[in-house]
Student: 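Take this structure first; my questions come after.
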Amino acid sequence: MHESSPTGRIVNAAFGLLFVVIAIVIAATTYRSMLARGLVAALVIGALGIDALVSAARGTRSWLSRIGPLP
């Protein structure tokens, strides 16, 4: 499935939205003892999600698609 196809763009946007939601959940549920680690993880996952959403809107490849085939 190619990123510029309508189906590819919808799937890319769905994964981007999922990653943004996961980042929000991580940031909201991080305990004080693990605050730095949780916020770094939330920032990385959130950045990947935002990039996927922007890439879906533009029809370009996202960072997630460049990582390679994931299992």
Student: I need the L53 CG to L48 CG distance, nearest 0.5 Å.
Tutor: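 So the CG of L53 and the CG of L48 are separated by 11.0 Å.
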Student: Can any side-chain N or O of D51 pair as donor or acceptor with the backbone N or O of W63 at less than 3.5 Å?
Tutor: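 Answer holds: yes.
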Student: If you compare all heavy atoms of S62 against all heavy atoms of A52, which two are closest, and at what distance to 0.1 Å?
Tutor: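 Closest approach of S62 to A52: CB-CA, 3.8 Å.
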Student: Please enumerate all residues that pass side-chain contact (heavy atoms from CB on, under 4.5 Å) together with I10, with sequence neighbours excluded.
Tutor: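 I10 satisfies side-chain contact (heavy atoms from CB on, under 4.5 Å) with no other residue.
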Student: Treating Ile, Leu, Val, Met, Phe, Trp and Tyr as nodes and any side-chain heavy-atom pair under 4.5 angstrom as an edge, say whether L64 and V20 lie in one connected cluster.
Tutor: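 Not linked; separate clusters.
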Student: If I take atom CZ from residue F15 and atom CD1 from residue I22, how far apart are they, to the nearest 0.5 angstrom?
Tutor: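 With rounding to 0.5 Å, CZ (F15) is 9.5 Å from CD1 (I22).
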Student: Checking T30 side chain against I26 main chain: does a donor-acceptor pair fall under 3.5 Å?
Tutor: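 Side chain of T30 to backbone of I26, a donor-acceptor pair under 3.5 Å: yes, one is there.
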Student: Quick one: does N12's side chain get under 4.5 Å of S55's, heavy atoms only?
Tutor: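 Sidechains of S55 and N12: in contact.
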Student: Ignoring hydrogens and angles, write down the donor-acceptor pairs under 3.5 Å from the side chains of residues 31-46, residues two or more places apart or on other chains.
Tutor:
none

